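Read through the structure below, which is laid out as structure tokens, and then see the notes.
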There are 2 protein chains.
Amino acid sequence: MSTGTGAAEVPEVGGPATQGPGAVESTHAHGLRERKKLATREELSRAALRLAMERGLDNVLVEDIAAAAEVSPRTFNNYFATKYEAICALGVERAAQIGDTLRRRPPEEGLWQAIAAAVVTHYESGHFCDPAAMASLKMVLTSPQLRGEHQRIVTTMREALAAAIAERLAAAGAACAEVDLALRAEVLAAAVIATAQVAVRRWFVVRPATALRPLLEDALAQLQAALRAP
Amino acid sequence: MSTGTGAAEVPEVGGPATQGPGAVESTHAHGLRERKKLATREELSRAALRLAMERGLDNVLVEDIAAAAEVSPRTFNNYFATKYEAICALGVERAAQIGDTLRRRPPEEGLWQAIAAAVVTHYESGHFCDPAAMASLKMVLTSPQLRGEHQRIVTTMREALAAAIAERLAAAGAACAEVDLALRAEVLAAAVIATAQVAVRRWFVVRPATALRPLLEDALAQLQAALRAP
DNA sequence: CCGCTTCTTGCGTGTCACGCAATTTTGCGT
DNA sequence: ACGCAAAATTGCGTGACACGCAAGAAGCGG
């Protein structure tokens, strides 16, 4: 095993909060049972996000979400501990995909190039263009009660990206095995994700309909420049 | 106004949640009133942290905290919206000091050197050595309910550090005014703080009583190395 | 068709955030 | 020193919520 992914083997530092039926134990679609579980979970999550956007975060009750998903209020809590968790569940799932986005970059591409491209692609392929996603982003960034869940999204992104970076480092740089590859991957992922967050926040505070992409590219360029030329 | 601090002028992206008497409107100690407010706030915060450490996070009620601070349970909610906010309030205050820690570095020191030294100093001067702080750190890192508040601590650190970095950039690098200094400061601060978090997390998951400092220095070195030599 | 596992549901309970209004405390001008 | 206005503390009530528990229902293997 040696190093592994360097992310998922720690004793639960930022794990989820629910353990009930909502726990996704395997991507394998065992049977009708698993599919129904996933469907209910997604139904609840979508309903939560939709209602929160329509009425405002404080004007939606767990009861409403459960009703919209056509399950009992008690069942809601079998899947999610809080309505905030339900609202951000889709975001967490999406965040986990950034690793594959990096893995899809051509192998001959430089590491930094690949990472930057993956991040840009991830944020663009996301629904970061339509005003609906803009509003949901605003909600997540402003509401104090969603801060913890947003942090969970970011953590997921960081871990997924770190895992993919570690693979790429291991594949390309078996030569310089002196440094701790896992550490380097984690640091790199953390720095890039943090930079992306800066870009998103700045994009959010300057209302103008300027695209996110240039801000993202600028910020990433600044990261590289700042560390290279003190 | 032009650039300002680049952190505190945005329309509340990650602001606090309480607006009552607990709001610290100015550092100016106007009179007995302000001092008493601060005292009560600190009393509540200390009691919250102490009780949470003694009994465990779930075995402490807001009623207990209020009793320990000798105020009404209702008064507690005038200062803090949740007990988690109270527990982390001291951490937030401390996080805000990292800016001054950087400002105290000698001006002739290089920017990167100064930042790294400031971060190391901040984490060392903190109570990150005694086992009590270790336990509180564990609590903050593990409990899902404290994640949001921990995020607030990190955000505060990032903003404070970014402000100080911006000053240093403005003071030293008036020559290359082409780049957006505020952006560079924010990106740099975000990357460094994120890296520090990686170090702290790794230090936390590897039980051994190894000091935090070398891990921190390693991680920061990796950050610089990773961006300089792809 | 049967038994086992797993999910759903209803109910009860303890905790919590917060609006509201009465009461007390504090600051300050005179 | 006195009294008034501003502000903080407190008690009460309410709506919401997380979760344990146990009974019922539904998938699933033999």
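These figures come from a predicted structure and were not determined experimentally. Protein chains get the first letters and strands the later ones, always in sequence-line order, with residue 1 at the start of each.
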Can you check whether [X] has a side-chain N or O nearer than 4.0 Å to OP1 or OP2 of [N]?
X: B:Thr75; N: D:dT10; answer: yes
X: A:Asn78; N: C:dC7; answer: no
X: A:Lys37; N: C:dC7; answer: yes
X: A:Asn77; N: D:dC19; answer: no
X: A:Ser72; N: C:dG10; answer: yes
X: A:Tyr79; N: C:dC7; answer: no

Scan side-chain atoms only and decide if A:Arg94 and A:Ser125 contain a donor-acceptor pair under the 3.5 Å cut-off.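 A donor-acceptor contact under 3.5 Å links the two side chains.
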If you assign each of A:Leu61 and B:Thr40 to its closest nucleotide in DNA chain D, which residue comes earlier from the 5' end? B:Thr40
Please report, rounded to the nearest Å, how far the [atom2] atom of [N] is from the [atom1] atom of [X].
X: A:Tyr84; N: D:dC17; atom1: OH; atom2: C1'; answer: 10 Å
X: A:Glu34; N: C:dT5; atom1: CD; atom2: P; answer: 16 Å
X: A:Lys83; N: D:dC19; atom1: NZ; atom2: C1'; answer: 17 Å
X: B:Glu63; N: C:dT15; atom1: CD; atom2: P; answer: 8 Å
X: B:Asn59; N: D:dA18; atom1: CG; atom2: P; answer: 19 Å
X: B:Gln145; N: C:dT15; atom1: CD; atom2: P; answer: 14 Å

Around atom CZ of B:Arg46, are there more than 12 heavy atoms of other residues, nucleotides or ligands at under 6.0 Å?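 Not buried by this count: 12 neighbours or fewer within 6.0 Å.
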Just do the side chain to side chain contact (heavy atoms under 4.5 Å, CB included) check on A:Glu149 and A:Ile87 with the steps written out, would you? CA-CA 9 Å; A:Glu149 299 303 325; A:Ile87 290 174; over 6 Å; no
When the nearest nucleotide of DNA chain C is assigned to B:Val60 and to A:Lys36 on a heavy-atom basis, which residue is associated with the more 5' position? A:Lys36
Record whether the side chain of B:Arg74 comes under 3.5 Å of the base of C:dG19 through a donor-acceptor pair of N or O atoms. yes
Carboxylate-amine/guanidinium contact B:Arg184 A:Asp218, below 4.0 Å: no
